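Following: one structure in structure tokens, then a few remarks.
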Amino acid sequence: MKPVIVLVGRPNVGKSTLFNRLTGTRDAIVADFAGLTRDRHYGNGHLGKREYIVIDTGGFEPDAGEGSIYREMAKQTRQAVAESDVVLFVLDARAGLSAQDHEIAQYLRRLGKPTILVANKAEGMTQGVQLVEFFELGLGEVLPVSSAHGQGVRSMLERALDAVPCFGDDEGEEGDPEPEVIKLAVAGRPNVGKSTLINAWLGEERLVAFDMPGTTRDAISVPFERDGKKFELIDTAGLRRKGKVFEAIEKFSVVKTLQAIESAHVVLLLLDATQGVTDQDAHIAGYILESGRAVVLAVNKWDAVDSYQREQLERQIETRLAFLKFASLHLISARKRQGLGPVWKSIIQAQASAMRKMPTPQLTRLLQESIAFQSPQKVGMYRPKMRYAHQGGMNPPVIVIHGNSLEHVPDAYKRFLEGRFRKAFNLVGTPLRIEFKTSSNPYKE
């Protein structure tokens with residue numbers, strides 16, 4: 001079992017910077033802005049052969065008021081501490097001790113978990129008078145570190161791993177190969193219910209779901225298993241129109257969301273039934289298509305609209321998202337957990353279609369049958385001649401067709417071929433790209 005280390009502290013003490021340092025990644029958004037992290041963020045790291053799991057948490061306010069976003073963040077932090085083996089209580093060495101630090105220390109003392117005090121931002125400071133005040137917390141020795149520069153991080157990590165009560169030496173044992181993990185990104189505009197949907201799947205309040213646009217700021221990954229298949233659920237920040245993105249933090253969130261879409265195997269595009277299909281929904285769908293990701297459409301809050309609004313919504317989907325006709329469409333309510341089962345079937349089908357293997361003989365035979373049924377029209381003095389086809393890639397599937405004068409194949413005929421290939425190989429929920437390669441004429445000169 002890997003030991004679990006949780007980072008706890010008040011806002012803007014450098015927990016996310018330390019998380020990135022311990023995991024060797026840049027997964028957590030880092031900026032000089034208090035309250036940036038809101039959800040639990042998991043990552044893997046290793047020190048030599050010793051592996052561990054790190055949990056980054058939002059700024060902890062144990063006594064946050066009812067109904068506030070800070071109360072939801074505190075709930076996430078408490079859950080992370082409950083899951084952990086050792087707590088790294090991160091403090092700001094430059095700002096000194098605060099009343100909030102005392103409240104967090106009191107909470108951690110009551111739990112009785114192994115806790116290590118970490119004075120961050122200690123670069124260039126002499127270890128002495130500056131750190132004395134932190135001993136007031138009654139949690140033992142204070143370790144000075146600089147997560148931005150890496151100073152003192154290794155010794156702190158060694159201390160944390162040694163503090164885990166039952167740390168075993170079972171790493172490095174060979175076992176059964178891990179099954180492939182399917183990355184599923186949930187994308188959409190702000191406040192359409194992405195976090196609520198993932199919480200409904202998990203059966204717990206894993207992500208902060210709050211009735212305020214922009215609650216999720218980072219792309220949060222959550223491991224999940226269903227019917228023997230392993231998934232990595234990625235909750236993304238809502239994407240607004242470019243002209244309405246002013247805050248630097250939101251610009252970071254947009255970058256993280258676009259990166260999550262590109263790295264996913266399947267993207268679930270979530271629409272809001274109460275607001276219909278907007279231009280921004282079409283822009284997000286276009287980006288997913290351009291990235292070549294398999295996609296499933298889901299309309300959330302379906303229970304909150306009447307029959308007239310439903311008719312209007314169905315018509316908008318047919319017109320504004322016509323380029324996603326290959327994607328499955330589901331009508332759901334994440335809050336009431338209605339219609340969620342069929343979505344998983346479409347997700348698995350889309351992922352299987354994106355990774356479908358298409359043998360060259362079968363593709364070539366299907367190409368010749370399509371030409372016999374309807375040959376491409378002549379363009380001027382050129383008539384395209386298609387000779388054979390083979391698969392050029394997966395996720396998305398790419399079919400490469402070789403022949404002569406193929407640059408003159410019209411788009412309508414390309415769509416005709418795409419329909420034939422989709423039907424023959426049952427490609428649902430994934431884009432299909434067809435590339436033409438024209439043979440060079442040796443007698444051209």
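Note that the coordinates shown come from a computational prediction; the quantities given were computed from them, not determined experimentally.
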Do the side chain of [X] and the main chain of [Y] share a donor and acceptor less than 3.5 angstrom apart?
X      : Y      : value
Gln309 : Asp306 : yes
Asn44  : Glu51  : no
Gln316 : Val277 : yes
Thr364 : Pro361 : no
Arg50  : Leu161 : no
Asp162 : Arg159 : no

Can you tell if the side chain of [X] reaches within under 4.5 Å of the side chain of [Y], non-hydrogen atoms only?
X      : Y      : result
Leu197 : Leu268 : yes
Thr23  : Asp56  : no
Arg420 : Leu367 : no
Val118 : Leu7   : no
Pro342 : His330 : yes
Asn404 : Arg387 : yes
Val90  : Val145 : no
Tyr52  : Leu157 : yes

Practice task
Walk me through it: do Ser155 and Leu143 pass the test side-chain contact (heavy atoms from CB on, under 4.5 Å)?
Solution key: CA-CA 9 Å; Ser155 58; Leu143 302 181; 5.9 Å; no
Calculate, to the nearest 0.5 Å, the distance between atoms [atom1] and [atom2] belonging to [X] and [Y] respectively.
X      : Y      : atom1 : atom2 : answer
Arg356 : Thr430 : CZ    : OG1   : 9.5 Å
Arg10  : Leu91  : CZ    : CG    : 7.5 Å
Leu270 : Arg189 : CG    : CZ    : 9.5 Å
Thr196 : Arg335 : OG1   : CZ    : 9.5 Å
Leu329 : Leu269 : CG    : CG    : 10.0 Å
Met358 : Leu427 : CE    : CG    : 6.0 Å

Handout entry: side-chain contact (heavy atoms from CB on, under 4.5 Å) assessment of Gln349 paired with Asn426
Key = CA-CA 9 Å; Gln349 186 180 27; Asn426 191 26; 4.1 Å; yes
Handout entry: Salt bridge flag under 4.0 Å for residues Asp227 and Lys345
Key =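 Answer for the salt bridge query: no.
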Exercise for the section: For Phe425 and Leu432, run side-chain contact (heavy atoms from CB on, under 4.5 Å): C-alpha distance rounded to whole Å, both residues' side-chain angles, the deciding distance at 0.1 Å, then the answer. Expected result: CA-CA 11 Å; Phe425 290 98; Leu432 174 63; over 6 Å; no
Problem - Ring center gap for Phe231 and Trp201 short of 6.0 angstrom - result: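 That pair fails the under 6.0 Å test.
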Problem - ring-ring contact (aromatic ring centres under 6.0 Å, His included): pairs with one or both residues in residues 390-415, sequence neighbours excluded - result: Tyr382-His408, Tyr388-His402, His390-His402, Tyr413-Phe416
Using every non-hydrogen atom in the two residues, find where [X] and [Y] come nearest and quote the distance to one decimal.
X      : Y      : answer
His149 : Arg21  : C-NH2, 3.6 Å
Arg433 : Glu290 : NH2-O, 2.8 Å
Arg320 : Ala282 : O-CB, 4.2 Å
Pro376 : Pro384 : CG-O, 3.8 Å
Arg310 : Val305 : NE-O, 3.4 Å
Val400 : Gly392 : CG2-CA, 3.9 Å

Check: residues 291-302 side-chain donor-acceptor pairs under 3.5 Å, at least two apart:
residue, atom, partner, partner atom, Å
Ser291, OG, Tyr287, O, 2.9
Arg293, NE, Ser291, O, 3.1
Arg293, NH1, Ala264, O, 3.2
Arg293, NH2, Ser291, O, 3.1
Arg293, NH2, Asn395, O, 3.4
Asn300, OD1, Ala334, N, 2.9
Asn300, ND2, Val192, O, 2.8
Lys301, NZ, Asn191, O, 2.9
Lys301, NZ, Asp272, OD2, 3.1

Practice task
Check the pair Glu369 / Leu366 against side-chain contact (heavy atoms from CB on, under 4.5 Å), numbers first and verdict last.
Solution key: CA-CA 5 Å; Glu369 291 174 357; Leu366 185 60; 4.0 Å; yes
Practice task
May I ask you to check whether Thr17 and Asn20 show a side-chain donor-acceptor distance below 3.5 Å?
Solution key: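 No, no side-chain donor-acceptor contact under 3.5 Å.
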Exercise for the section: Scan side-chain atoms only and decide if Gln368 and Arg365 contain a donor-acceptor pair under the 3.5 Å cut-off. Expected result: no
Fill in the blank from the handout: Between Glu418 and the options Lys414, Arg415, Arg422, the salt bridge (Lys or Arg N to Asp or Glu O under 4.0 Å) test singles out Arg422
Exercise for the section: Report the residue from Ile347, Ile284, Ile261 that forms a side-chain contact (heavy atoms from CB on, under 4.5 Å) with Val267. Expected result: Ile261
Exercise for the section: For Arg154, look at atom CZ and say whether over 12 heavy atoms of other residues, nucleotides or ligands are found less than 6.0 Å away. Expected result: no
